[in-house]
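Reckoned from all heavy atoms, side chains included, excluding hydrogens, waters and symmetry mates. Protein chains get the first letters and strands the later ones, always in sequence-line order, with residue 1 at the start of each. Predicted model, so just to flag it, every value in this text is computed and none were measured.
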Amino acid sequence: MSYIKILLIFLVIAIGAVTGISKGNRLKKQYKELLYLKKTAILIRGEIRYNCGAAGEVFFNVSKRVKEPYKGAFMSLSDELENHKGEEFSEIWNRNVIQPLLKMELNIQDIERFKELGENIGYLDIQMQLNYLDFYIEKLNERIDEVKTGLDGNVKLCRTLGIMGGLLAAIFII
Amino acid sequence: MIDRQVLSVLPLKVREVVERELGSTAKENNLSAEIVEEIRLRAGRQVLLVTGKGEIYLHVTVDEMMIREALEYISGYSLYAYEEQLREGFITIRGGHRVGIAGKVVMEQGRVKTIKNISSVNIRISHQIIGCSDKIMEYLKGNILIVSPPRMGKTTLLRDILRNLGNMENQNIAIADERSEIAACYNGIPQNDIGERCDVLDCCPKDIGMMILLRTMSPTYIAVDELVTAQDVDSVLKIVGAGTFVAATIHGESVGEVRERKGICELFERKIFDTYIELSKTSISIFNSNMEKIYEGIV
């Protein structure tokens, strides 16, 4: 067996392993990001409940307590809410908050749900805002539970499948 | 020019017309944008500018969507944050300008819950007149009551008196600003110049606010706009009893008319006020506690 073939086999095994580990890590990251999204939603809820502030003030205050990309997203949302260029809140929300979140490890349903939150902020009275945020947090909890259940198993599975896939490909090469 | 804050709450279409028309109207009619007192938006009607010299209709008809757009800007896309103010029928925006609102009132358990189907928006442009009390400060002492009919400038005068008092040494002025008319706080920051030594309790019912300020801020003066209820009078009596001065305003044609008013007369019987200021459209008169005129001037 030539050195090149041996090198190729090791390379294929390594790629399989890295892919599996990376997929497992992404699952872990997704779980952490969902938890952080929940923390953010709780902060928004608290700001509305305690300070009864308008959206610009609420998101400016929350931006001081969250990390990127939420920090920058909420800051620019707060700024744009002052511009009054004839846009609906949801348009400003989507541009400033949802777009940056697309780069994160959240899946599309999680982002859609957060987008819906923006479409309902500002509608009716304070109680309505709090009820909607409670509803959102409840749905987020369900999603977190769903991801958490079997997280360790799924991470192991991804890693194992990655390594096994690499080994299988190596056998084919041999 | 009109304050940028006022323009920014107008619907986009109206804003463009106001900016354009105001420029041309100002040239044609020798009117200045600085004297615009109100901008009125009524669904189905043309935009109306009320100026010190008359009314100007602008060639843009307001529709429901425009009213909705204006409300989103006025409330920062958050009408929920103005529930309490909406019950009173107004919202204070940055710059201290007051936006009056009319529509369908929703009642709950005998009190106004909110106003829905809003069809009229009246933006009253705040005009602080710094220095308008300078001439009369030397005549003012002790507890002060300003009496005038609506829109004669009693709040403007009170604000300037407080500014002068607040810039004096050893004074602590506390303002119970129930309707945000005196200090015009926006996000807690006074938008009007109320002097160096002023503390503001914003959006708090007057009678409660006065007592809180008395207990917490060691004021030399407590100021309040528009004494109305028996509770307001009761709080004034308690404040004066505690050795703190009061500066207040009250709606009325004259001091003589107010002193006969039920609920208010006790303040006169007990000679609570040391100085009375009577404002009319053209004149200002100051009386001492014995109702002797000590000053008369032109507004």
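B/Glu88 and B/Arg179 are joined by a salt bridge, as a carboxylate oxygen and a charged side-chain nitrogen come within less than 4.0 angstrom of each other. A salt bridge links B/Arg87 with B/Glu84: the distance from a Lys NZ or Arg NE/NH1/NH2 to an Asp or Glu carboxylate oxygen falls below 4.0 Å.
By the ring pair (Phe, Tyr, Trp, His ring centres under 6.0 Å) test, B/Tyr73 pairs with A/His84, sequence neighbours left out. Partners of B/Asp225 according to the side-chain hydrogen bond (donor to acceptor under 3.5 Å, both in side chains) rule, which considers only residues two or more places apart in sequence or in another chain, are B/Thr155, B/Thr249.
When the heavy atoms of residues 85-93 of chain A are compared with those of chain B, the residues falling under 4.5 Å are A/Lys85, A/Gly86, A/Glu87, A/Glu88, A/Phe89, A/Ile92, listed by number.
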Would you give me the side-chain donor-acceptor pairs under 3.5 Å for residues 38-61 of chain A, sequence neighbours excluded?
| residue | atom | partner | partner atom | Å |
| --- | --- | --- | --- | --- |
| A/Lys38 | NZ | A/Asn141 | OD1 | 2.8 |
| A/Thr40 | OG1 | A/Tyr36 | O | 2.8 |
| A/Arg45 | NE | A/Asp134 | OD1 | 2.5 |
| A/Arg45 | NH2 | A/Asp134 | OD1 | 3.3 |
| A/Arg45 | NH2 | A/Asp134 | OD2 | 3.1 |
| A/Glu47 | OE1 | A/Asn51 | ND2 | 2.8 |
| A/Glu47 | OE1 | A/Asn61 | ND2 | 3.1 |
| A/Asn61 | ND2 | A/Glu57 | O | 3.4 |

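Other residues, nucleotides and ligands contribute only 12 or fewer heavy atoms inside 6.0 Å of the CD1 atom of A/Ile4.
Proximity to chain A (any heavy atom under 4.5 Å) is restricted, for B/Ser75, to the backbone atoms N, CA, C and O.
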